[in-house]
Amino acid sequence: MNKRFFITTAIDYVNGQPHLGHAYEKIVTDVIARGRRSLGEEVFFLTGLDEHGQKVQQAAAAEGKSPQAYCDKLAADWQAFARKLELTIDDFIRTTDSRHKEIVQASLTRVHQAGQIYKRTYEGFYSTKEETFLTDRDRRPDGTFDPAYGEIVTLKEENYFFKLGEQQAWLIDHLEKNPSFVQPDYRRNEVLGFLKNNTLEDLCISRPAARLNWGIPLPFDPDYVTYVWFDALVNYISIPAARGDATITGAFQSAIRNPQFAIRLWPADTHVIGKDIVKFHAVYWPIMLKAMGLPLPKQILVHGWWQKDGAKISKSTGNIVDPVAVIDEWGLDAFRFYVLRELDIGPDGNWTDAGFKARYQAELANGLGNLVNRSLSMLKRYRQGIVPAKHDELAAEAAKAADETRDRLKQNQLQAALQSIWGLVTRANQYVDQTKPFSLAKDPARAKRLDEVLYNLAETCRVLAVLLWPFLPGTATKMYAQLGLPGVPDKFAAAAWGGLPAGHKIGDPAPLFPRRDV
Ligand code: ME8
């Protein structure tokens with residue numbers, strides 16, 4: 001049994017609204033997953049929801065619902081959102097699933113037995129709004145706390161702590177020996193800088209059940225529930241455990257329920273996350289895994305944050321992009337294209353409606369859409385849709401685009417891969433302008449040349465469909481259908497030049513991205 005390429009997203013807080021940032025992260029992960037599958041790897045793509053905590057408990061109470069009923073309703077919306085984005089997920093974790101709770105408790109037992117969890121009294125500042133303890137180090141230069149923390153109270157209570165001290169040296173060593181562990185490089189350097197210049201304080205991992213009962217009880221003290229990260233991060237191993245991955249089930253001695261369906265997932269190949277939660281994934285998570293006796297994930301891939309019109313996305317100020325509204329108006333692939341083409345994985349991005357429309361018009365309607373539509377329409381008009389004999393004038397350029405796309409997909413350079421693909425789109429559109437098939441068609445003596453040109457164009461469209469599959473799966477599928485080809489172009493190997501056989505009859509061309517008055 002082969003280990004699968006295991007890729008995950010952050011699990012979203014169930015009580016927020018799905019926004020552009022969530023959509024972006026999930027689409028990026030979907031493209032990597034589809035790309036790997038297209039290249040022949042077995043993949044497991046996991047996403048889901050983070051459902052416990054005080055805010056959920058309070059919001060449910062305000063609506064007069066039980067927290068579970070409140071979460072169930074929102075979870076249905078988030079799952080519909082995943083379908084809307086056409087994510088090729090293999091599982092959807094909810095932290096309220098019993099399969100998850102069981103592994104959270106097993107992992108806490110294990111770490112507790114290893115002597116890494118202890119209880120002590122904590123007295124300090126506490127932000128109820130952010131559910132977090134603060135220290136003097138969190139004060140701003142003028143001595144006050146950021147208003148985002150809301151009301152600050154002093155609180156004295158006993159809690160459980162996870163030991164983080166004495167863990168820095170090996171983690172620094174791991175980051176230095178494995179440059180790809182945190183990517184991009186500047187994020188890795190930030191983590192290294194943080195580890196080298198700070199002493200890690202032990203992490204508070206509990207809340208008294210009397211104050212917060214919407215959480216997973218600590219297996220060694222039912223008066224407490226586990227708080228946030230020991231719950232949320234563990235999702236990455238609870239699904240492998242539920243799927244019978246022996247690396248996890250072995251470590252926790254939990255029964256493999258369906259050994260015949262057991263798969264190997266852990267260690268994760270890539271955790272895709274946003275820049276705000278790097279410390280939890282690159283510092284706390286490896287230390288937690290080490291304490292559990294489990295191998296570390298291979299890579300934490302960190303994306304930047306989207307803004308809109310140069311300002312923070314915020315529901316309260318109304319500065320939002322509603323992905324569902326954009327998709328309903330422009331189509332899913334127009335949305336997927338814009339976010340992937342506009343923003344590389346790493347830096348922050350800025351959504352503008354004008355930028356979105358400009359890319360739609362130039363690159364989708366006038367670029368790809370025009371190429372496919374005129375290539376296939378001319379083949380239909382001049383040759384009754386019958387593919388002429390193979391000809392290789394654009395073969396080298398198509399091969400170059402395919403090679404670059406493959407390399408860039410493997411390196412998670414999604415924006416650069418789209419640039420390679422659009423290099424071929426632009427070249428093929430120039431080829432139409434240069435060879436002028438509409439003029440050739442008027443001169444019977446030039447019939448052979450017209451055959452050559454029409455073959456090169458139709459075959460380039462076919463290659464493009466294969467290259468585009470991970471990014472714009474709906475468009476790639478439509479292109480295959482318009483070419484009269486069965487199935488979906490989901491095997492990268494099919495990008496090799498010459499796949500369209502002479503004599504094949506294409507289907508009916510139709511605009512992929514209708515031009516719009518913008
Ligand atoms: O942090 N642009 O959940 P979350 C890009 N439950 N990405 C953004 C973004 C923006 N404007 N806003 C948020 C959580 N994100 C925890 C994670 S993982 C074990 C637990 C990203 O709903 C954010 O960086 O606040 C994170 O990766 C994801 O959306 C979920 O954020």
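Counting starts at 1 for both ligands and their atoms, in listed order.
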Does an N or O from Asp50, backbone or side chain, lie closer than 3.5 Å to an N or O of ligand 1?
yes
Rounded distance (nearest 0.5 Å) linking atom [atom1] of [X] with atom [atom2] of [Y]:
X	Y	atom1	atom2	value
Glu363	Leu368	CD	CG	10.5 Å
Ile89	Thr8	CD1	OG1	12.5 Å
Leu512	Leu472	CG	CG	10.0 Å
Leu49	Leu74	CG	CG	8.5 Å

To check your reading of the model: name the closest protein heavy atom to [atom], its residue, and the distance in Å.
atom	answer
atom 30 (C) of ligand 1	Asp12 OD1, 3.1 Å
atom 21 (C) of ligand 1	Glu25 OE1, 3.8 Å
atom 3 (O) of ligand 1	Tyr13 CD1, 3.2 Å
atom 11 (N) of ligand 1	Trp306 O, 3.2 Å
atom 17 (C) of ligand 1	Ile11 O, 3.3 Å
atom 31 (O) of ligand 1	His22 NE2, 3.8 Å
atom 8 (C) of ligand 1	Trp305 NE1, 3.5 Å
atom 19 (C) of ligand 1	Tyr236 OH, 3.5 Å

Is a donor on one side and an acceptor on the other found under 3.5 Å between the side chain of [X] and the backbone of [Y]?
X	Y	value
Thr226	Ile216	no
Asp97	Arg99	no
Lys357	Arg516	no
Arg359	Ala334	no
Arg188	Leu175	yes
Ser38	Phe492	yes

Would you mind listing which atoms of ligand 1 come within a distance below 4.0 Å of any non-hydrogen atom of [X]?
X	value
Ala10	18 (S), 26 (C), 27 (O), 28 (C)
Asp276	23 (C), 24 (O)
Ala232	19 (C)
Gly274	24 (O), 27 (O)
Gly304	5 (C)

Examine the side chains of Asp328 and Trp330 and answer whether a donor and an acceptor come within less than 3.5 Å of each other.
no
With no hydrogens and no angle check, do the side chains of Asp202 and Tyr118 hold a donor and an acceptor under 3.5 Å apart?
yes
If we only consider heavy atoms of [X], is any one of them less than 4.0 Å away from an atom in ligand 1?
X	value
Gln307	no
Gly349	no
His281	yes

Should the proximity of Ile277 to ligand 1, defined as any heavy atom under 4.0 Å, be assigned to the side chain, the backbone, both, or neither?
side chain
For ligand 1, which part of Trp229 has a heavy atom less than 4.0 Å away: the side chain, the backbone, both, or neither?
side chain
